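A short worksheet on the structure shown next.
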Amino acid sequence: MNPASPAPAQSVSRRLSEKAERFTESVIREMTRLALQYGAINLSQGFPDFPAPAEIKRAAQEAIAADINQYAITWGARSLRNAIAEKLARTQGVSVDPERELTVCCGSTEAMISTMMAIINPGDQVVIFEPFYENYGPDAILSGATPRFVKLRPPDWTFDREELAATFGPSTKAIILNTPNNPTGKVFEREELEYIRDLCVRWNAFAITDEIYEHMIYDGAKHISMASLDGMRPHSVTINALSKTYSVTGWRVGWAIAAPEVTASIRKVHDFLTVGAAAPLQEAGAAALQLPDSYYEQLAQEYTARRDRMLGILTDAGFRCFKPRGAYYIMTDISGFGFPDDVTFAKYLVKEIGVAAVPGSSFYQDAASGRTHVRFTFCKKESTFQAAAERLEKLKARAGVNK
Ligand code: GLN
């Protein structure tokens, strides 16, 4: 028998991880592939199609030229950790020790899975608001946590306090919170955060907050870091990254901020998962984090204009839109178009109309809950909006809004 011949299919599948079999590939990234395949305007995956700021690109080039090309300290270059701590103190009034409370990772994606692996034991439950950013499901499976979902309900994506309280219990290890929220655009209010804080304190649970959209904030909404609430420091893990704030999603530089003993555990997991994030890009990150307040003000203004542009295009094409107060996505209701479900609609949209969006079901545990939704991103330049608007014209007839 030839030892190189492939084994029969069923014995291969028995050799694979049962955990990996419990989730599918990312639908968001799949939509980007479909957009490329069909030449569609890609409004699915949330990455900017406009340039990153010149000064931080220059900082990255200079770091490489200066030969910052070997491993950084595993848990992050000191310059970057200091800059992160300084910015958090300046913007949220939270002071952290960059030597003991901060881990730089390969994007917030790695910060999240490293955190989960650092705190979860078999039998632990993790509360996740639904709809949720699709990574949190696989993160729970890979770390061995049992997810418990609590719905955010349209139109303003509020949660039922009693339902949330009933979901917490002695097995609750953590709640994952994304504010400003992907995909809904909800920005959690202080009272909501305080209610969650009280549950975390009562059940000795962590709040892992993904705050990556902190500067995409509209209509006077205010981003409040969970760690800034009284009593939350020992309970909070704050996750963030360069990706969205500085339009460098491909750099893969993110971080997790947590109390020293939690950080010690996160650092161990991180070290053996990835060793560290790209050293020259960490240096550039230190420069980025020192940009003046005017940078963030301008960013929010520009994103407000992009949001309004996209709301106009989608509403005109027949979508019912949930107006986001933060982040850079618009959740829509597609019931008016008469399609059986979100996946059929998204496929039609990418193949026949030439615009890619993300089917709502990929943000829900039960596909039925997302059946009438699709998500669009608006971190795009004007020529992209223009092209999308032209293509979406064709949809009007289907929505019965043809005039
Ligand atoms: N956060 C982005 C989104 O929701 C994508 C992130 C990613 O693909 N890694 O579209």
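In what follows, residues are counted from 1 in the order of the sequence shown. Keep in mind the model is a prediction, meaning the values are calculated, not measured. Atoms within a ligand are numbered from 1 in the order they appear, just like the ligands themselves.
- Between Tyr295 and His215, the distance from one ring center to the other does not fall under 6.0 angstrom.
- Paired with Pro359 under the rule side-chain contact (heavy atoms from CB on, under 4.5 Å), one option of Met31, His373, Arg371 passes, and it is Met31.
- Close contacts between ligand 1 and Asn182 involve ligand atoms 1 (N), 3 (C), 4 (O) [criterion: under 4.0 Å to a heavy atom].
- When each atom of ligand 1 is checked for a heavy atom of Gly46 under 4.0 Å away, the hits are 2 (C), 3 (C), 10 (O).
- Each of Arg161, Arg197, Lys186 was checked for a side chain to side chain donor-acceptor pair (under 3.5 Å) with Glu192, and the lone residue meeting it is Lys186.
- Using cut-offs of 30° and 60° on the angle between ring planes, the pair Phe378 and Tyr328 is perpendicular.
- At least one heavy atom of Lys244 sits less than 4.0 Å from an atom of ligand 1.
- For Tyr329 and Phe376, the distance between ring centers is not under 6.0 angstrom.
- Protein heavy atom at the shortest distance from atom 6 (C) of ligand 1 is Tyr133 OH, 3.1 Å.
- Residue Asn135 does not touch ligand 1, judged by heavy-atom distances below 4.0 Å.
- For Glu18, there are no side chain to side chain donor-acceptor pair (under 3.5 Å) partners, not counting sequence neighbours.
- For ligand 1, the polar-atom distance check finds no N/O of Arg252 at less than 3.5 Å from any of the ligand's N/O atoms.
- Using a 4.0 Å cut-off to heavy atoms of Gln45, the atoms of ligand 1 that qualify are 5 (C), 7 (C), 8 (O), 10 (O).
- Residue contacts with ligand 1 for Arg29 involve side-chain atoms from C-beta outward but no N, CA, C or O (heavy atoms, distance under 4.0 Å).
- Here the side chain of Glu55 pairs no donor or acceptor atom with the backbone of Ala288 at under 3.5 angstrom.
- Considering backbone and side-chain N/O atoms, Thr109 never comes within less than 3.5 Å of an N/O atom of ligand 1.
- At least one heavy atom of Tyr213 sits closer than 4.0 Å to an atom of ligand 1.
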Sequence neighbours left out, cut at 3.5 Å: what donor-acceptor pairs do the side chains of residues 164-172 make with other protein atoms?
residue, atom, partner, partner atom, Å
Thr167, OG1, Glu163, O, 2.6
Thr172, OG1, Gly169, N, 2.8
Thr172, OG1, Gly169, O, 3.1

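- Looking at Tyr328, Phe363, Tyr329, it is Tyr329 that brings a heavy atom closest to atom 2 (C) of ligand 1.
- Residue-to-ligand polar distances keep Ile28 apart from ligand 1: every N/O pair is separated by 3.5 Å or more.
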